[in-house]
Colleague: 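What follows is a single structure, and I will ask about it in a moment.
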Amino acid sequence: MDMSLQGPVEIQFLKERGYVRKRCPICGEYFWTLDPDRETCGEAPCEPYSFLGKAISEKSIEQVREDFLSFMEKRGHTRINRYPVIARWRDDLFLTSASIVDFQPFITSGLVPPPANPLTISQPCIRLKDVDKVGPTMGRHLTIFEMMAHHAFNSKERWVYWKERTVELFHEYATEVLGIPEEEIIYKEGIWEGGGNAGPDLEPIVRGLEIATLVFMEYKMVNGKYVPMDTKVVDTGYGLERITWLLNGSPTGFHAVYGKLVDDFMSLFGVGRVDDKFLMEYTKVSSLLRELEKGKSVNSLRREISKRTGIPLELIEDKIVPLELTFAVLDHTKALAFMLADGLVPSNVNEGYLGRLLIRRTLRILKQLGVEISLSELVSKQVDYWSSKGFPELKESIDRITDMLDIEQKRFEELLRRGRQLVRDILRSKKRVSEEDLVVLYESHGLTPEFVAQVAKEEGYEVKVPDNFFELIAAKHESKPPKPPELPDYVDELMKYSPTKPLYYQNPYLLNASAQVVGVIRGNGVILDSTVFYPEGGGQPSDVGYISWDGGSAYVERVEKYKGVIVHWVKGEAPPVGTKVSCQVDRIRRLNRMRHHSATHVILEAAKRVLGSHVWQWGAQKGDEVSRLDITHYKPITPDELRRIEEIANEAVMRNIRVNTFWLTRTEAEKRYGFEIYQGGVVPDPTLRIVEIEGYNVQACGGTHVIRTGDIGYIKIWRAKRIQDGVIRLEFSAGMPAVRKMIGMHEELKKVSSSLGVPEERLSDSIAELKEELKKLKSKLNELKGFELRSLISSALEKAEVVSGIKLAKVLVSDDYQLDEVVKKADKLLEESTAVVIIRDSGNRYNVALLTSEDIKGRVKAGSLIREITKSLGGGGGGNDKLGRGAIPREKLEEFLTKLRDSLIKR
RNA sequence: GGGCCCGUAGCUCAGUCGGUAGAGCGCCGGCUUUGCAAGCCGGAGGUCCCGGGUUCGAAUCCCGGCGGGUCCA
C-alpha cells in the first residue's frame with residue numbers, strides 16, 4: 001500500500017454536525033461518530049447487529065431501489081440502465097463485480113466521456129470470492145447483489161462534486177429517505193483498491209451493519225506505484241440487499257431480499273421452519289465471529305456458536321444447516337438466472353467455467369439436502385420473481401436458461417455416475433485411495449474429495465482427506481505469471497514516425513494510390529505517408545501487392561500496424577526515402593478477404609437469430625478460400641439449424657443491404673448499440689470503428705468491408721463442429737471460392753453417380769448397399785481362407801517329421817496371409833507334442849514363427865529358440881515359450897530349418 | 001490462455017515385459033423350462049481415433065494431429 005493513501009478523511013460537513021474521530025480498540029480502525037462516549041467502530045464483529053427485530057420501515061426491495069434512484073435523480077443525477085453481469089467490455093474481468101466496473105478503464109481515466117455526469121445506477125454484481133460464506137453469514141455475504149451508486153467524474157474541464165457533497169448526499173439519503181436517526185450513523189475510514197485504481201473511503205455503519213462504501217478514487221497504478229489521477233471519481237456503492245435487511249429488521253438478510261421465495265424453497269426442500277427469535281439470536285451471535293471473515297472451517301465455528309449461545313450443537317446442525325444450504329441455493333439460483341440471461345454459456349473455460357462452477361456447487365448442495373428437483377425449476381422461480389422486481393428482461397431467455405440447466409444437470413449426473421465407478425475401481429485394485437489418487441480424481445475427473453470419501457464409505461472404506469487438500473492443488477498450479485505480449489523490437493523505431501494515413505478506410509475498393517516514402521527500417525520495412533494496404537488485424541490477414549516507383553518496384557509481402565504507424569515489408573530493394581511511389585494491392589486476394597470478413601458478420605447475426613442471443617463470437621480467422629467463425633453455443637448445432645443459418649445469411653446477401661462504417665466514442669457506441677458490438681474482442685481504444693449492416697447487425701471492427709452485402713456473393717457453410725465445450729466452429733467460404741468449390745463438388749458427385757450408375761439423389765442409399773455387400777464378401781473370403789489354411793495345416797501335420805519325440809510340421813504360405821491368422825488357425829489344430837514352423841514369404845525376406853503345443857512349450861521355449869536362430873542368421877525375433885516369431889533373410893531359409901531341427905534334437 | 005487424464009466390439013471397460021486382441025452387458029442360433037425370470041452351449045461383431053517414427057514385430061514405446069473429459073487463471 002502506498003503511504004500517500006493513508007491519513008484521516010476529514011469531512012467539514014460531518015465536523016460541523018458534531019462528528020468526532022475515534023479509533024476502535026478492537027479492530028484498530030478510525031471512525032467518525034456523534035456520540036463522544038462511543039468506544040468501538042460499531043461494525044460487526046466489533047459489536048453485534050442491533051437492527052434485528054427492529055423494523056424501521058417494511059419496504060420491499062424494489063421500493064428501496066426506486067427510492068434511492070429517484071432521490072439521486074432529484075439531486076441532479078441521471079438514471080442509467082444496468083449493465084450486463086458479464087463484463088463484455090472488459091478484457092481483464094469476466095463478471096461485473098461493482099458498479100464502477102461499468103466505467104473502467106476509459107471513463108475513469110478521462111479518455112471517454114461518461115454516459116451522464118453525475119449519474120445514478122443500480123448494478124447487479126456477481127462476486128464468487130466469498131461463495132463459501134453465503135448462507136452461514138445469514139445474508140451479509142451474497143454472490144449476487146445490487147450495488148446502488150451515484151458516480152461523479154471530475155476533470156479540470158468539468159468539476160461536478162467531490163468528498164463533501166458525496167457525504168452530504170449519503171447523509172441526507174440515510175436520514176430522510178431511509179429514516180435512520182443521524183446519531184446512529186457511524187462513518188468508518190478505509191482505503192479502497194480495485195481495477196488499477198485506489199483512494200480513501202468512508203464506510204457508513206448503522207446498527208452493526210456496513211450499508212455503503214463512499215470511495216474517493218484519486219490514484220491510479222502506474223508501474224506498480226500509485227500516482228494521482230487527472231480525474232477524480234466519486235465511486236459509491238450502496239448495498240441494496242443490506243439496506244433492505246436493515247429496514248426490515250428480519251431474522252436474516254434472505255428473508256428481506258427473497259420474500260416469499262424463502263418459504264417456497266424451504267417447503268420444496270422439506271426444510272423445517274425455525275423460530276424467528278431463535279434465528280435472530282443465532283444471526284446475532286454469528287455476526288460476532290471474526291473467524292468467519294478469515295475463512296476458518298464452518299464446522300468449528302458452529303461449535304463456537306453453540307458454546308456462546310447455549311444452543312446444543314445437534315440442534316444447530318439439525319435446524320440451521322439445512323437453512324443455510326437453502327439460503328445458498330436461493331442466492332446461487334438468482335446468480336445463475338442473471339448470468340445465463342445475460343448470455344453466459346456454461347463451459348470449461350473463461351466465464352463459462354465460473355457459470356459451471358456455480359451450477360455444480362448448487363447441484364451438490366441439493367444432493368446434500370437430499371432434494372430431487374431440477375435446477376431449471378428453481379432458477380425459473382427466480383426468473384419469475386426478479387422479472388417482477390425490476391428485471392423483466394430475464395423472462396426473454398427463460399427457454400434457453402431451462403434448456404442449458406437441464407443439459408448441465410444431466411452432464412453432472414453422468415459425471416458422478418462415472419466417478420462412482422472410478423472410485424470403486426481404485427478401491428478394488430488398491431484397497432485404498434491415496435492422496436495422489438484424490439488429486440487425479442479432482443483434476444482430471446472433477447470429483448471432490450468429499451464425494452470420493454462418501455463413495456468409499458459406502459463401499460466400506462475410510463478415506464482421509466488431507467486438511468490442506470486445496471493447498472496441494474494450488475501448489476500444482478503455482479505456475480509462471482502470464483507473459484505480456486511480446487512487441488517486436490523494431491516498434492521503437494516505428495514510433496519515431498507519425499501515424500500513416502489509412503486510405504483503405506476511406507474507400508475499401510480503392511486498390512491503388514500514390515504515396516510518399518517517409519522512412520525505411522531494417523532495410524526492407526517501408527513507411528509511407530498514406531497507404532491503401534490493409535495491415536494485419538481483426539483476424540484479417542494483411543494485403544499483399546506491389547510498390548513501384550521511377551526506377552524500380554518491390555513486392556509487398558506483409559503489412560503491420562503499431563500505434564497507427566504502418567510498415568510494409570518488401571521483398572528486394574526498398575525505395576529510397578522521399579521517393580514518390582505508386583501502390584497496387586493484389587486485387588483478388590483483397591476482395592476475397594473483404595468478402596469473407598463481411599460474411600463473418602452476416603453469418604454471426606444469422607446464427608444469433610437461429611440459435612439465440614447467447615451466441616457470441618469466440619474467435620475468427622479470415623482466409624482466401626475458407627474462413628472460420630467460432631461461436632459460443634451450449635449444444636451441437638443440428639443440420640436443420642445449420643441450414644437455416646445458411647439460408648438467413650444468403651438472404652441477407654441477396655437483400656443487398658448497405659454496409660456503413662464510421663467512428664464513435666465508446667460511450668456513444670455502447671449507448672446506441674449495446675455491448676454486442678464487442679464481438680471481435682475488446683478494442684482497447686477510446687474511439688471505436690463501427691461496421692453497421694443497416695438494420696441487420698452492428699459491430700466494432702477495424703477490417704475492410706464490402707459496401708453492400710450483395711458484393712459478398714454466395715455464402716456456403718461447409719460444416720459446424722464443436723472445437724471445445726461451449727464453442728462451435730463454422731467453416732465457410734464466400735464469393736468465388738464458395739462458387740468454385742460447390743461446382744467442383746457437384747462435378748465430383750456427378751462422376752460418382754455415373755460410375756455407380758445411380759442417380760445423384762439415390763447415391764447415399766446405394767453406397768450403403770455396396771458397403772453391406774463388401775462386408776459380406778469380406779467375411780466369405782475369410783471363411784474360404786480359413787478352409788484353405790485348415791487343409792494346408794492339416795496336410796503339413798500329416799507329413800510332419802518326428803524329431804526327438806516332437807512332431808515338427810512345416811507350413812509355407814504366401815503374403816496373402818498374415819502370420820497372425822496362420823498362427824491362430826494352427827493353434828486350433830495342434831495335437832500333443834507338436835511344433836509347427838510357419839514360413840511366410842514377404843519378398844526380400846521370410847517371416848517365420850514357431851508354435852508349440854502346450855505340453856512341450858516348457859521344453860522347447862519357442863521364443864528364445866527363435867531369437868537365437870534368427871539372430872545368428874542376421875535377422876531378429878523373440879516371443880514367449882509357446883510362440884516365437886521373427887524374420888530371416890531370404891537366402892537363409894534352408895539354414896534356418898536345419899538349425900531349428902538341430903536345436904530341437906538338443907532340447 | 002496454461003496444466004493433467006482418456007480414446008480398444010453396439011455399450012461399459014480389461015489388456016502385465018512390445019510377441020495369437022479379451023471380459024461383462026447387448027445381439028443372433030440352439031438346448032433346458034408348462035410359462036416367466038433365468039440358466040447352459042454355440043455364434044456373429046474390431047480401421048485398437050488418425051498420421052509418421054523406432055523395431056523382425058506396435059493397441060502397447062516416441063513425435064505430430066484429431067476427438068472427448070477435467071482443473072486452474
Side-chain angles (χ1 to χ4, degrees), chain A residues 91-95 128-129 347-354 356-357 360 411-412 414-415 417-422 424-425 428-429 436-449 469-470 472-485 618-619 636 681 721-726 729 775-776 778-779 782-783 817-830 836 838-840 842-852 854 857 861-867 869-871 873-890 892 896:
Chain A
D91 53 10
D92 56 340
L93 275 182
F94 293 133
L95 301 171
L128 297 181
K129 200 172 140 270
S347 81
N348 55 2
V349 290
N350 300 356
E351 72 272 4
Y353 176 67
L354 299 178
R356 178 166 288 166
L357 212 66
R360 294 197 169 172
R411 290 177 70 125
F412 183 65
E414 178 62 20
L415 176 81
R417 200 188 57 74
R418 273 205 316 266
R420 199 170 289 276
Q421 197 50 49
L422 229 49
R424 282 192 193 132
D425 286 352
R428 234 202 327 268
S429 62
E436 297 88 82
D437 290 332
L438 283 177
V439 171
V440 171
L441 285 168
Y442 178 69
E443 294 213 300
S444 305
H445 304 284
L447 305 171
T448 59
F469 180 76
F470 285 93
L472 288 178
I473 298 287
K476 281 189 68 169
H477 292 284
E478 237 172 59
S479 49
K480 57 273 166 196
K483 29 183 174 270
W618 182 268
K721 62 171 183 176
R722 252 166 66 108
I723 58 161
Q724 194 192 59
D725 205 8
R729 171 164 297 167
K775 209 169 155 185
K776 276 188 196 149
K778 258 188 182 164
S779 92
N782 273 330
E783 203 182 316
Y817 295 95
Q818 291 300 311
L819 208 50
D820 270 3
E821 50 184 345
V822 186
V823 165
K824 233 170 157 180
K825 202 72 182 177
D827 199 24
K828 279 190 185 145
L829 297 170
L830 221 53
V836 186
I838 300 156
I839 297 141
R840 175 178 179 265
S842 74
N844 56 346
R845 66 177 173 228
Y846 285 105
N847 302 119
V848 298
L850 179 66
L851 177 73
T852 65
E854 278 297 323
K857 74 173 189 190
K861 293 198 190 311
S864 47
L865 188 60
I866 289 291
R867 176 175 300 119
I869 300 175
T870 50
K871 213 166 184 185
L873 297 176
N880 53 32
D881 283 357
K882 189 172 162 58
L883 174 70
R885 293 200 284 193
I888 51 167
R890 194 174 178 84
K892 299 279 174 70
F896 168 76

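In this text, all values refer to a predicted model and were calculated from it rather than measured experimentally.
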Colleague: What's the CD1-C1' distance between A:I869 and B:C56, to the nearest Å?
Modeller: 14 Å
Colleague: So do the side chains of A:I866 and A:F896 get within less than 4.5 Å of each other, counting heavy atoms only?
Modeller: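 Touching, per the 4.5 Å side-chain cut-off.
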Colleague: If I pick the C1' atom on B:U8 and the same atom on B:G15, what distance separates them, to the nearest angstrom?
Modeller: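 B:G15 and B:U8 have their C1' atoms separated by 9 Å.
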Colleague: Does the side chain of A:Q818 reach to within under 4.5 Å of the side chain of A:R840, using non-hydrogen atoms?
Modeller: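 A:Q818 vs A:R840: side chains touch.
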Colleague: Find the distance between NZ (A:K892) and CZ (A:R845) and round it off to the nearest 0.5 Å.
Modeller: 13.5 Å
Colleague: Evaluate the side-chain proximity of A:I838 to A:V848: yes if any heavy-atom separation is below 4.5 Å, no if none is.
Modeller: no
Colleague: Would you say that A:R890 contacts A:Y846 through its side chain, given a criterion of any heavy-atom pair below 4.5 Å between the two side chains?
Modeller: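 Answer yes - side chains close enough.
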Colleague: Using whole Å, report how far CG of A:N847 lies from P of B:G57.
Modeller: 8 Å
Colleague: Pull out every stem in RNA chain B, meaning runs of 3 or more consecutive Watson-Crick or G-U wobble pairs with both distances under 3.5 Å.
Modeller: B:1-7 with B:66-72, B:10-13 with B:22-25, B:27-31 with B:39-43, B:49-53 with B:61-65
Colleague: Work out how far the P atom of B:U60 is from that of B:U55, and round it to whole angstrom.
Modeller: 16 Å
Colleague: What residues from residues 820-827 of chain A pass a heavy-atom cutoff of under 4.0 Å to RNA chain B?
Modeller: A:D820, A:V823, A:K824, A:D827
Colleague: Closest approach of A:A862 and A:G884, non-hydrogen atoms and distance?
Modeller: CB-N, 3.7 Å
Colleague: Measuring to OP1 and OP2 of B:U70, would you say a side-chain N or O of A:R360 lies under 4.0 angstrom away?
Modeller: yes
Colleague: How many whole angstroms separate atom CG of A:N880 from atom P of B:C56?
Modeller: 19 Å
Colleague: Taking only the P atom of each, what is the distance from B:G39 to B:C56 in whole angstrom?
Modeller: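 Their P atoms lie roughly 50 Å apart.
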Colleague: Given the C1' atoms of B:U12 and B:C17, what is the spacing between them in whole Å?
Modeller: 28 Å
Colleague: Give me the distances for all protein-to-nucleotides 50-54 of chain B N/O pairs that come in under 3.5 Å?
Modeller:
none

Colleague: Could you go step by step and tell me if A:Y442 and A:L447 meet the side chain to side chain contact (heavy atoms under 4.5 Å, CB included) rule?
Modeller: CA-CA 5 Å; A:Y442 178 69; A:L447 305 171; 6.0 Å; no
Colleague: Just how far, in rounded Å, is P of B:G57 from OH of A:Y846?
Modeller: 18 Å
Colleague: In whole angstrom, give me the gap between the C1' atoms of B:A14 and B:G46.
Modeller: 15 Å
Colleague: Return the value, rounded to whole Å, for the distance between atom NZ of A:K892 and atom C1' of B:C56.
Modeller: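 Atom NZ in A:K892 sits about 14 Å away from atom C1' in B:C56.
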Colleague: Is the shortest heavy-atom distance from the side chain of A:L95 to the side chain of A:L128 under 4.5 Å?
Modeller: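 Result yes, sub-4.5 Å side-chain heavy-atom pair found.
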Colleague: Rounded to the nearest angstrom, tell me the gap between atom CG in A:L447 and atom P in B:U70.
Modeller: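 After rounding, the gap between these two atoms is 10 Å.
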Colleague: Mind checking side-chain hydrogen bond (donor to acceptor under 3.5 Å, both in side chains) for A:D820 and listing every partner two or more places apart, or none if nothing turns up?
Modeller: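 A:D820 satisfies side-chain hydrogen bond (donor to acceptor under 3.5 Å, both in side chains) with A:R885 only.
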Colleague: Rounded to the nearest Å, what distance is computed from the CD atom of residue A:Q818 to the P atom of nucleotide B:A21?
Modeller: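 Taking CD of A:Q818 and P of B:A21, I get 10 Å after rounding.
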Colleague: Which one, B:U20, B:G57, B:U70, comes nearest to the side chain of A:R356?
Modeller: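 Closest nucleotide to the A:R356 side chain: B:U70.
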Colleague: Starting from the 5' end of RNA chain B, give me the residue, A:A887 or A:L357, whose nearest nucleotide shows up first.
Modeller: A:A887
Colleague: Return the 5'-most residue of the pair A:R885, A:R411 with respect to RNA chain B, ranking by each residue's nearest nucleotide.
Modeller: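 Final value for this comparison: A:R885.
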Colleague: Mind checking salt bridge (charged side-chain N to carboxylate O under 4.0 Å, His left out) for A:K882 and listing every partner two or more places apart, or none if nothing turns up?
Modeller: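 A:K882: salt bridge (charged side-chain N to carboxylate O under 4.0 Å, His left out) contacts with A:D827, A:E854.
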Colleague: Out of B:G57, B:U20, B:G69, which has the shortest distance to the side chain of A:R845?
Modeller: B:G57
Colleague: What pair of heavy atoms forms the shortest contact from A:T870 to A:G886, and how long is it?
Modeller: CG2-CA, 4.4 Å
Colleague: Over all strands shown, is A:G877 touching base, sugar-phosphate only, or nothing at heavy-atom distances under 4.0 angstrom?
Modeller: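 Result for A:G877 = base.
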Colleague: Using atom C1' of each nucleotide, how far apart are B:C62 and B:C71 to the nearest Å?
Modeller: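 Each nucleotide's C1' atom is 27 Å from the other's.
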Colleague: For nucleotides B:A23 and B:G53, find the distance between their P atoms and express it as a whole number of Å.
Modeller: 34 Å
Colleague: Please give me the minimum heavy-atom distance between A:G875 and A:P889, naming the atom from each residue.
Modeller: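 The pair with the smallest heavy-atom distance is N-CD, 4.4 Å.
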Colleague: Taking B:U47 as the reference, what is the distance to B:G3 when you measure between their P atoms (whole Å, please)?
Modeller: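 To the nearest whole Å, 34 Å.
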Colleague: Could you tell me the separation between the CZ atom of A:R867 and the C1' atom of B:G18, rounded to a whole number of Å?
Modeller: 11 Å
Colleague: Who pairs with A:R360 by salt bridge (charged side-chain N to carboxylate O under 4.0 Å, His left out), at least two apart in sequence or on another chain?
Modeller: none
